[in-house]
Amino acid sequence: MAEDKLVSRSEDFNEWYNTLVLRADLADYGPVRGTMIIKPYGWTLWENMQQALDRRFKATGHLNAGFPMLIPRSFIEREASHVEGFSPELAVVTVGGGKELEEPLVVRPTSETIIGYAYSKWIKSYRDLPVLINLWNSVVRWELRTKLFLRTQEFWWQEGHTAHATHAEAQAETLQMLDVYLDFARNEAALPAYTGRKSASEKFPGADVTYSLEAVMGDGKALQAATSHNLGQNFARAFDIKYLDRGNELQHCWTTSWGLSTRFIGAIVMAHGDDQGLVLPPRLAPHQAVIVPIYKSEEEQAMVLEACQRVRAMLADAGVRVIADLREGLSPGFKFNDWEMRGVPLRIEIGPKDVAKESVALARRDIPGKAGKSFVPVAGLAAAIIAKLDEIQQNMLARATEFRDANTSHPRDFAGLAAAVVNGFARAWSCGKPECDAAIKEQTKATNRCIPLDQVPGGGPCVYCGEPATEQAYFARAY
RNA sequence: CGGGGUGUGGCGCAGUUGGUAGCGCACCGCGUUUGGGACGCGGGGGCCCGCGGUUCGAGUCCGCGCACCCCGACCA
C-alpha cells in the first residue's frame with residue numbers, strides 16, 4: 001500500500017524504478033537471488049500484453065505449442081556459437097529422483113535446440129513447410145546482476161520458432177515479426193521504438209542476423225525490447241532439419257526465432273511512469289478506470305454507492321475494464337494516490353454533488369491536476385469514457401515519440417557522441433568495425449544498439465575512426 | 001568474479017563506555033473521520049543472520065562463515 005511519496009524520477013531514476021515496481025504491486029522479490037514473483041496486478045498487465053501479441057501471431061499464421069523445460073546438455077553443445085554464448089549462464093540439473101543423472105540436463109535458457117530436435121523429426125518434405133510455432137513459457141539464465149523485470153534469473157516470454165524452405169522466406173518472416181513487435185509497441189504500449197540490425201558483437205549466439213527494437217527510457221537509456229533472429233541454416237545443420245524439395249533434392253531448412261519478454265513491462269514503467277507512479281497505456285492497463293466514491297454521512301454513503309454500482313455496471317457492459325474501490329476507512333485522497341501509483345488511466349469520482357447533478361468527475365492519469373479533470377454527465381458516460389481512453393492512448397504515444405526524438409541527436413564527431421549518450425541516443429555514421437564499437441563502449445559506456453533499416457543514402461566519416469562509412473547506427477547506454 | 005556497504009518485529013531504522021531491546025509505518029480492535037496521502041485510545045508481534053570465542057553478563061567486542069544490496073566486467 002502506498003504510504004509515502006516516491007523518490008522523484010529525476011533525483012534517482014534507479015531508486016524510483018525499484019520502489020515503484022514494488023509499490024505499484026507489479027512484482028516482489030523471490031527467495032532465490034535474482035528471481036522475481038510477478039503479482040496478480042503485474043501478471044494481469046502481462047496477460048493483456050500476451051493477448052495483444054497472440055492475436056497478431058495468430059493473424060500471421062502461427063500456432064502455440066508447449067515444449068519441455070529440461071533439455072539434454074549435449075543439445076546446447078551442438079551449435080558452436082550457441083554454446084559459447086549460453087554456457088556461462090546455464091542452470092544445470094545433475095540429480096533426478098535422488099540419483100546422479102547419466103547426462104546432465106539444462107533448464108532451457110531458450111528453446112532453439114529442442115525445437116531443432118523436434119523439427120528434424122517432423123519435417124521431411126517441402127510440403128511440411130513452413131512450420132510456424134510460438135511458445136509461451138519461462139526460461140532461466142544465471143544472470144550475475146539482476147533487476148526486477150529488466151534482468152532476472154527466470155523470465156517469462158514468448159519465443160517464436162519457424163522453419164522455411166528458402167532463405168528469402170526466412171528473412172521475410174524475420175522482418176515480419178520485427179514489424180509485429182513494432183506495431184505492438186506503438187499501438188498497444190504507446191512506446192515508439194527504433195528498429196534495426198544488431199552489430200556482429202551484439203547479435204544472438206547462433207544467428208546469422210539479429211534485429212531488435214530499441215526503446216528510449218525516461219532517463220535516456222536504451223532498452224532492447226524485442227528481438228527477431230534469422231538463424232540461417234545454423235540450427236538446421238546442427239540438428240539435421242532437412243526436407244526434400246520439389247526436385248527430390250535434400251535441403252537444410254532456414255529457421256528463425258523471435259521473442260518478447262516480461263522485460264517489456266520494465267520498458268512501460270520506465271518510459272511512461274512519473275513521480276506519482278505508473279502511467280499505463282489504456283489498451284494494456286489491468287483497470288482502465290477506477291471509481292472512487294466520496295461520502296460523509298450514512299445517507300450519502302448509500303446514495304453514492306448505489307450510483308457507483310450503476311456506473312460500474314454501465315461501463316462494464318460497454319466493455320470498459322472498470323473497478324469500483326469500495327474499501328471502507330480509507331480517505332478519497334488516499335485512494336487517489338493509491339491508484340495513481342498503479343497507473344490507472346482514468347479515475348471516476350462520485351460524491352453527493354455528482355449524484356445530485358447526475359454527472360461524475362473524471363481525472364486523467366496522463367495529465368495531472370486540474371488540467372486533466374472534467375465533469376461528464378452519466379447519460380452517455382460509457383461512450384465518453386471510451387473516447388477519453390483512446391485520447392489518452394494517443395497522447396501517451398505522441399508524448400513518448402516527442403521525448404524519443406528530443407533525446408536523439410545526430411553527432412558528427414566523437415566528442416558530440418560522447419556528450420549525447422550521457423542521457424540519450426546518438427545516431428551517427430559507423431564503419432561497423434568491432435574495434436570502433438568496443439572503443440566507443442570503453443570510453444562512453446554506450447553500445448551500438450542497432451543499425452537502422454531506414455538508412456539515408458550516401459555516407460560520411462565514422463564517428464569514431466573517421467574512415468568512410470556507408471551506414472548509420474544508434475548508440476546509447478543500455479539496460 | 002573484483003571494489004564498497006549492510007544484516008535488529010512484515011517494511012524502514014535507532015540502540016551511548018558491554019547491563020537483558022525501542023521508534024515510525026504496516027497489522028488487529030473500538031470510536032470519530034472521508035472532494036488530494038485522517039485521528040484518538042487500546043492491542044499483538046523480535047533465538048538482534050549463523051557458528052565459535054572474550055566476559056559475571058554480548059545486539060554491542062574478537063574470529064570464521066553465510067546472505068543480501070550498490071558500483072564494475074557479463075547479459076533478453
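Hydrogens, waters and symmetry mates are skipped; everything else that's a heavy atom, side chains included, is used. In what follows, every chain begins at residue 1, and chains take the letters A, B, ... in the order their sequences are listed. What you see is a predicted model; the values in this text were computed from it and never measured.
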Quiz prompt | Donor + acceptor pair across side chains of A:Arg449, A:Thr447 (<3.5 Å) | solution = yes
Self-check item: Spacing between A:Leu150 atom CG and B:A76 atom P, to the nearest angstrom
Solution: 13 Å
Practice problem: Give the nucleotide from the list B:G72, B:G37, B:U34 with an atom nearest to the side chain of A:Tyr295. | Solution: B:U34
Quiz item: Where the side chain of A:Ala361 is concerned, which of B:A76, B:G37, B:G35 is the nearest nucleotide?
Solution: B:G35
Quiz item: Which nucleotide in the set B:C74, B:G36, B:G35 lies at the smallest distance from any side-chain heavy atom of A:Glu349?
Solution: B:G35
Quiz item: Atom NZ of A:Lys335 to atom C1' of B:U33: distance rounded to whole Å?
Solution: 13 Å
Quiz item: Taking the same atom, P, in B:C74 and in B:G52, what whole-Å distance lies between them?
Solution: 43 Å
Quiz item: Side chain of A:Phe155: nearest nucleotide among B:G36, B:A76, B:U34?
Solution: B:A76
Practice problem: Taking atom types as modelled, find out whether A:Ser212 and A:Gln224 have a side-chain donor-acceptor pair closer than 3.5 angstrom. | Solution: no
Quiz prompt | P atoms of B:G24 and B:C71, separation to the nearest Å | solution = 33 Å
Quiz prompt | Integer angstrom distance from the P of B:G12 to that of B:U32 | solution = 36 Å
Quiz item: In whole angstroms, how far is the P atom of B:A76 from the CG atom of A:Leu148?
Solution: 19 Å
Practice problem: Classify the nucleic acid contact of A:Pro352 as base, sugar-phosphate or nothing, counting any heavy atom under 4.0 Å across all strands shown. | Solution: base
Practice problem: Assign each of A:Ser261 and A:Gln301 to its nearest nucleotide of RNA chain B by heavy atoms, then name whichever residue's nucleotide is nearer the 5' end. | Solution: A:Gln301
Quiz prompt | Separation of the P atoms in B:A14 and B:C56, to the nearest angstrom | solution = 32 Å
Exercise. Let me know the distance between CZ of A:Phe336 and P of B:A38, rounded to the nearest Å.
Key: 11 Å
Quiz item: For B:C69, does the O4'-C1'-N9-C4 (purine) or O4'-C1'-N1-C2 (pyrimidine) torsion place it in syn, i.e. within 90° of 0, or in anti?
Solution: anti
Quiz item: Where does RNA chain B pair, written as one dot-bracket string 5' to 3', with Watson-Crick or G-U pairs under 3.5 Å, ( ) inside the strand, [ ] for crossing pairs and | for another strand?
Solution: (((((((..((((.....[..)))).((((((.....)))))).....(((((..]....))))))))))))....
Quiz item: Can a donor-acceptor pair be found between the side chains of A:Asn395 and A:Asp366 at a distance below 3.5 Å?
Solution: yes
Quiz prompt | Flag, side chain of A:Arg347 to backbone of A:Arg364, donor-acceptor distance under 3.5 Å | solution = no
Practice problem: Please work out if A:Asn14 contacts a base, only the sugar-phosphate, or nothing of the nucleic acid, heavy-atom cut-off 4.0 Å. | Solution: sugar-phosphate
Exercise. Assess A:Arg404 against A:Tyr194: is NZ or CZ under 6.0 Å from the centre of the six-membered ring, and within 45 degrees of the ring's axis?
Key: yes
Quiz item: Hey, does A:Gly259 reach any base, or is it just sugar-phosphate, or nothing, if we go heavy atoms under 4.0 Å?
Solution: nothing
Quiz item: Checking all strands, does A:Glu340 fall into the base, sugar-phosphate, or nothing category for heavy-atom contacts under 4.0 angstrom?
Solution: base
Quiz item: Looking only at atom C1', what distance separates B:U6 and B:C48, rounded to whole Å?
Solution: 14 Å
Quiz item: Roughly, in whole Å, what's the span from CG in A:Leu326 to C1' in B:U34?
Solution: 14 Å
Practice problem: Ignoring hydrogens and angles, state whether a donor on the side chain of A:His161 or A:Glu159 is under 3.5 Å from an acceptor on the partner side chain. | Solution: yes
Quiz item: B:U16 and B:G29: how far apart are their P atoms, nearest whole angstrom?
Solution: 37 Å
Quiz item: The side chain of A:Pro332 lies closest to which of these nucleotides: B:G36, B:C70, B:G35?
Solution: B:G35
Practice problem: Measure the distance from NZ on A:Lys296 to C1' on B:A38 and round it to the nearest whole Å. | Solution: 13 Å
Exercise. Check if the side chain of A:Asp338 and the base of B:G37 share a donor-acceptor pair of N or O atoms closer than 3.5 Å.
Key: no
Quiz item: Roughly how far apart, to the nearest Å, are B:C23 and B:C62 at atom P?
Solution: 28 Å
Quiz item: Between B:G36, B:G35, B:G72, which one does the side chain of A:Ile294 approach most closely?
Solution: B:G35
Self-check item: Side-chain N,O (A:Lys147) to OP1/OP2 (B:C71) below 4.0 Å
Solution: no
Quiz item: Do A:Glu154 and A:Ser138 have side-chain N/O donor and acceptor atoms under 3.5 Å apart?
Solution: yes
Practice problem: Can you tell me the distance, in whole Å, between the CZ atom of A:Arg145 and the C1' atom of B:A76? | Solution: 16 Å
Practice problem: Applying side-chain hydrogen bond (donor to acceptor under 3.5 Å, both in side chains) between A:Thr210 and each of A:Lys203, A:Arg197, A:His229, A:Glu202, report the one that passes. | Solution: A:His229
Quiz item: Within less than 4.0 Å of OP1 or OP2 of B:A38, is there a side-chain N or O belonging to A:Ser331?
Solution: yes
Quiz item: To the nearest angstrom, how far is A:Glu15 atom CD from B:C70 atom P?
Solution: 10 Å
Practice problem: Using a heavy-atom cut-off of under 4.0 Å over every strand shown, decide if A:Thr152 touches base, sugar-phosphate, or nothing. | Solution: base
Quiz prompt | Salt bridge A:Lys39-A:Asp25, side-chain N to carboxylate O under 4.0 Å | solution = yes
Practice problem: Examine the side chains of A:Glu112 and A:Tyr117 and answer whether a donor and an acceptor come within less than 3.5 Å of each other. | Solution: no
Self-check item: Nucleotide nearest A:Phe334 (side chain, heavy atoms from C-beta), chosen from B:G36, B:A38, B:A76
Solution: B:A38
Quiz item: For A:Pro205 and A:Gly351, take the nucleotide of RNA chain B holding the closest heavy atom to each; which residue's nucleotide lies nearer the 5' end?
Solution: A:Gly351
Self-check item: Among B:U34, B:A76, B:C70, the one nearest A:Glu143 by side-chain distance
Solution: B:A76
Quiz item: NA contact type, A:Lys198, heavy-atom cut-off 4.0 Å: base, sugar-phosphate, or nothing?
Solution: nothing
Exercise. Could you measure between the two C1' atoms, the one in B:C13 and the one in B:U54, and give it in whole Å?
Key: 29 Å
